[in-house]
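So the structure is just underneath, and the comments pick up after that.
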Amino acid sequence: MNKYRTHTCGELTKLDKEKEISLSGWINKKRDHGNLLFIDLRDNFGITQCVIDKSNEIFKEIEKLSLETVIKITGMVIERSNETINKNISTGEIEVKINSIDVLGKTKELPMPVFSDQEYAEEIRLRYRFLDLRRKKIHQNIILRSKVISFIRNEMQKLGFLEFQTPILTSSSPEGARDFLVPSRLNPGKFYALPQAPQQFKQLIMVSGFDKYFQIAPCFRDEDARADRSPGEFYQLDVEMSFVEQEDVFGVIETLFLKLFKTFSNKKILHEKFPRITYEDAMLKYGSDKPDLRNPLEISDLTIIFDREDVKFDIFKKLVKSGSLVRALVTKNTKDKPRSFFDSIDRWAKEQGSSGLAYFTLEKDDKINAKGPIGKFFSESALLEIMKLTNANIGDTVFLSCGKKNDVEKILSVARNKIAEDLNLIDNEIFSFCWIIDYPMYEIDETTKKIKFSHNPFSMPQGEINKLDLSNPLNIKAYQYDIVCNGIELSSGAIRNHVPELMYKLFEIAGYSKNDVNSKFSGMINALSYGAPPHGGIAPGIDRIVMLLANEKNIREVTMFPMNQNAQDLMMNAPSEISDDQLKELNLNIKKKK
RNA sequence: GGGGGUGUAGCUCAGUUGGUUAGAGCACCUGCCUGUCACGCAGGGGGCCGAGGGUUCGAGUCCCUUCACUCCCGCCA
């Protein structure tokens, strides 16, 4: 085809036998028999075994080439004999008898091997990302990511959405995450911010009358990393639609996700119509607003049990009197588990910073009784009531947590995952999607004790716009929703508030004056005053979707050039210091530390 | 900002109760080997045991400080 190759390393078969061909690629592996040498040549498309023996005068030269050298070989395709076929590779029926080679790219000694399934320290992988990316698994993950993004683009266009770009240099917003800031040379002392999401722009696109928009949008947030959260930057499938209700948004995403996940994975989808779970229910039953529905364990509230005369567990009773809650997790048929199993869970819970998990197992001889450290505190009729409230049966174990609502929710949520893992209750061959709906508009800030927006301040409160009762703000629910898969939050979204007068009122509750709103959200509030359509949308995280499809637990495994946990790019050496000249031009001074 | 884990050869790791000259596999170098596909065999080079301080006759090992990577909490509308 060109001077480098006639074929790729993944395409030759016995149909090509006797052909004179050329291939270019990396030396993946050598097997040197002294007078006979095999070279596995690798490119993006596959691996082809090439062979040469000492009868060729270049044999000695080839023998010396080190792994990962880039070479071009020319030679003839030979059909392999039956005993020597390699069924593990697509080109395993043939090999190429080398005539001549050209060295196209030499290599220094490798800091990490490419041909190996071994796991390596993150630091070395990130510093030599270009080597890491040659390795099979992550190479395939990145290709998957590309295909997923193309697929999404294609489907969104088919669903009638238009793709637009929005500015990268924009203005800082007061709500939410920390901004990345960019100093302005032409406007001394002023800064751009990189968008945390194109939130205001996508709403402006609706006000501009484009009806349906999407974008594979880069988002920038200066917050600390997690395994499923890149520091700095990530991508969202940003979606916004005009003249829609919540269910219209759900419809689009369910259509897209079902197609997407069926196309790129063989895992079963638990509910094809994604369950709608209210925020309140989710917090009660799962202790979390991102429940993993593959996990069958559910939490129930047993607070009222500890008001009973025939329950003598005084520690909990006292706490309940002073406002604490008691909630329970039930494990099915665990009566024969050794004592160490329960104690290790209790110990684990204490390590998580809770006061531990009390437990008892339900048994029956002549009457029902509870076995375990706290079993003796419960009468038979109290146990019957507990069984009713928790759906527990004889042989099941009841784990109890007592404390403030937030703490109980938190510990039981992680305990639910931990116990399910210990008991091997989670089917890894399933995707369990659900919608979490009816988020409260406001919540109390734990530190300031003031009312603040619990999610997106631009969300539309539920109820008729003209008849909203704003006197009990904590009771107001919003048309605000999350989509969750296997316990991973893929996205938040909302029907937006497109009524400026209402927005002023809602912001006032959170402590923002009309002037605050006008100055901080000028672009949007102004636009909403000139005929805004009702609209709403969502923004699923691309990286997390690919993570699920690639079956990876860490977002760096599906990100081509990620930063490390301290938001540094070890390969490009970013962030880096800049010259005094640059600082001067930007009107900046750096405060020297100490 | 806080808590946990890890740090020994280029890479992945072992290293006992504190005890002589710190080991293995892969990679690299040399030699042998014509059917391997994680080829095999023999030999070799390669170490500030993350860094600094301390305890001790003696520290990879014990103590303190610190750095790096990572996981978690806070944070992420």
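Labels below follow one simple rule: chain letters A, B, ... track the order of the sequence lines, proteins then strands, and each chain is numbered from 1.
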ask   = Per the atom types in the model, does the base of B:C37 pair as donor or acceptor with the side chain of A:Arg80 at under 3.5 Å?
value = yes
Watson-Crick/G-U partner (both atom distances under 3.5 Å) of B:G45 = none
note = Value for CD1 (A:Ile555) from CZ (A:Arg544), rounded to nearest 0.5 Å, stands at 6.0 Å
ask   = Looking only at side-chain N and O atoms, does A:Asn554 come under 4.0 Å of OP1 or OP2 in B:C71?
value = yes
ask   = Of the nucleotides B:A68, B:C71, B:C37, which has the atom closest to the A:Glu123 side chain?
value = B:A68
ask   = What nucleotide, of B:C11, B:G74, B:C28, holds the atom closest to the side chain of A:Glu109?
value = B:C28
request  = Test for a donor-acceptor pair under 3.5 Å between the base of B:C11 and the side chain of A:Arg125, counting only N and O atoms.
outcome  = no
inquiry  = Side-chain N or O of A:Lys29 versus OP1/OP2 of B:A27: is the shortest distance under 4.0 Å?
reply    = yes
key: Base of B:U36 and ring of A:His33 stacked, centres under 5.5 Å, planes under 30°   = no
message = Just N and O in the side chain of A:Arg31: are any of them under 4.0 Å from OP1 or OP2 of B:U36?
response = no
key: Paired nucleotide for B:A9 [Watson-Crick or G-U wobble; both distances under 3.5 Å]   = none
request  = Give the nucleotide from the list B:U70, B:U34, B:C37 with an atom nearest to the side chain of A:Asn35.
outcome  = B:U34
task = Decide yes or no for A:Ile277 and A:Tyr286: does some side-chain heavy atom of the first lie under 4.5 Å from some side-chain heavy atom of the second?
result = yes
query = Within the pair A:Gln565 and B:C71, is there a side-chain N or O less than 4.0 Å away from OP1 or OP2?
reply = yes
ask   = In terms of the nearest nucleotide of RNA chain B, which residue is placed more toward the 5' end: A:Asp228 or A:Ala121?
value = A:Ala121
ask   = For B:G31, does either OP1 or OP2 sit under 4.0 Å from a side-chain N or O belonging to A:Lys60?
value = no
Phosphate OP1/OP2 of B:C69: any A:Asn566 side-chain N/O under 4.0 Å = yes
query = Of the options A:His535, A:His498, A:Arg496, A:Glu240, which is the one that meets A:Gln203 in a side chain to side chain donor-acceptor pair (under 3.5 Å)?
reply = A:His535
request  = Send over the distance from A:Glu63 CD to B:U36 P, rounded to a whole Å.
outcome  = 18 Å
ask   = Salt-bridged, A:Glu93 to A:Arg80, with N to O below 4.0 Å?
value = no
query = Contact class for A:Gly176 vs. all strands (heavy atom < 4.0 Å): base, sugar-phosphate, or nothing?
reply = sugar-phosphate
task = Assign each of A:Val51 and A:Arg178 to its nearest nucleotide of RNA chain B by heavy atoms, then name whichever residue's nucleotide is nearer the 5' end.
result = A:Val51
inquiry  = For a quick check, tell me whether the side chain of A:Gln49 and the base of B:U36 share a donor-acceptor pair closer than 3.5 Å.
reply    = yes
ask   = Can you find a donor-acceptor N/O pair under 3.5 angstrom joining the side chain of A:Arg229 to the base of B:C76?
value = yes
inquiry  = Nearest to the A:Arg556 side chain among B:C33, B:G35, B:U70, which nucleotide is it?
reply    = B:U70
key: Gap in Å between the two P atoms, one belonging to B:A9 and one to B:A22, rounded   = 14 Å
query = How would you label the contact of A:Glu119 with the nucleic acid (heavy atoms, under 4.0 Å): base, sugar-phosphate, or nothing?
reply = sugar-phosphate
inquiry  = Using only modelled atom types and a 3.5 angstrom limit, is any donor from either the side chain of A:Glu95 or the base of B:G35 paired with an acceptor on the other?
reply    = yes
Contact under 4.0 Å: A:Gln118 side-chain N or O vs B:A38 OP1/OP2 = no
query = For B:C62, which nucleotide in any strand shown is its Watson-Crick or wobble partner with both distances under 3.5 Å?
reply = B:G54
message = With side chain to side chain donor-acceptor pair (under 3.5 Å) as the test, pick out the partner of A:Asn28 among A:Arg134, A:Gln49, A:Lys136, A:Arg42.
response = A:Arg42
message = Please classify the nucleic acid contact of A:Leu37 as base, sugar-phosphate, or nothing, using heavy-atom distances under 4.0 Å.
response = nothing
request  = Mind checking A:Phe453 for me? I need base, sugar-phosphate or nothing, with any heavy atom below 4.0 Å counting as a touch.
outcome  = sugar-phosphate
ask   = Which part of the nucleic acid, if any, lies within reach of A:Pro457 when heavy atoms closer than 4.0 Å are counted: base, sugar-phosphate only, or nothing?
value = base
inquiry  = Is the ring pair A:Tyr279/A:Tyr439 parallel, tilted or perpendicular, if the boundaries are 30 and 60 degrees?
reply    = tilted
query = With both distances kept under 3.5 Å, what pairs with B:U20, Watson-Crick or G-U wobble?
reply = none
query = Looking at B:C28, B:G74, B:U70, which one has an atom nearest to any side-chain atom of A:Lys410?
reply = B:G74
Paired nucleotide for B:G1 [Watson-Crick or G-U wobble; both distances under 3.5 Å] = B:C73
Charged N-O contact under 4.0 Å between A:Arg125 and A:Glu557 = yes
query = Please give, in whole Å, the distance from B:G10 P to A:Leu131 CG?
reply = 16 Å
key: Among B:G35, B:C76, B:C28, the one nearest A:Thr84 by side-chain distance   = B:G35
key: Sugar-phosphate only, base, or nothing, as touched by A:Ser81 at under 4.0 Å among non-hydrogen atoms   = nothing
request  = On the 0 to 90° scale, with breaks at 30° and 60°, tag the A:Phe521-A:Phe507 ring pair as parallel, tilted or perpendicular.
outcome  = tilted
key: Atom-pair distance (CG on A:Leu67; C1' on B:C11), nearest Å   = 13 Å
request  = Quickly work out the A:Trp348 CH2 to B:C71 P distance and round it to whole Å.
outcome  = 19 Å
query = Just checking A:Asp222: base, sugar-phosphate only, or nothing, at a heavy-atom cut-off of under 4.0 Å?
reply = nothing
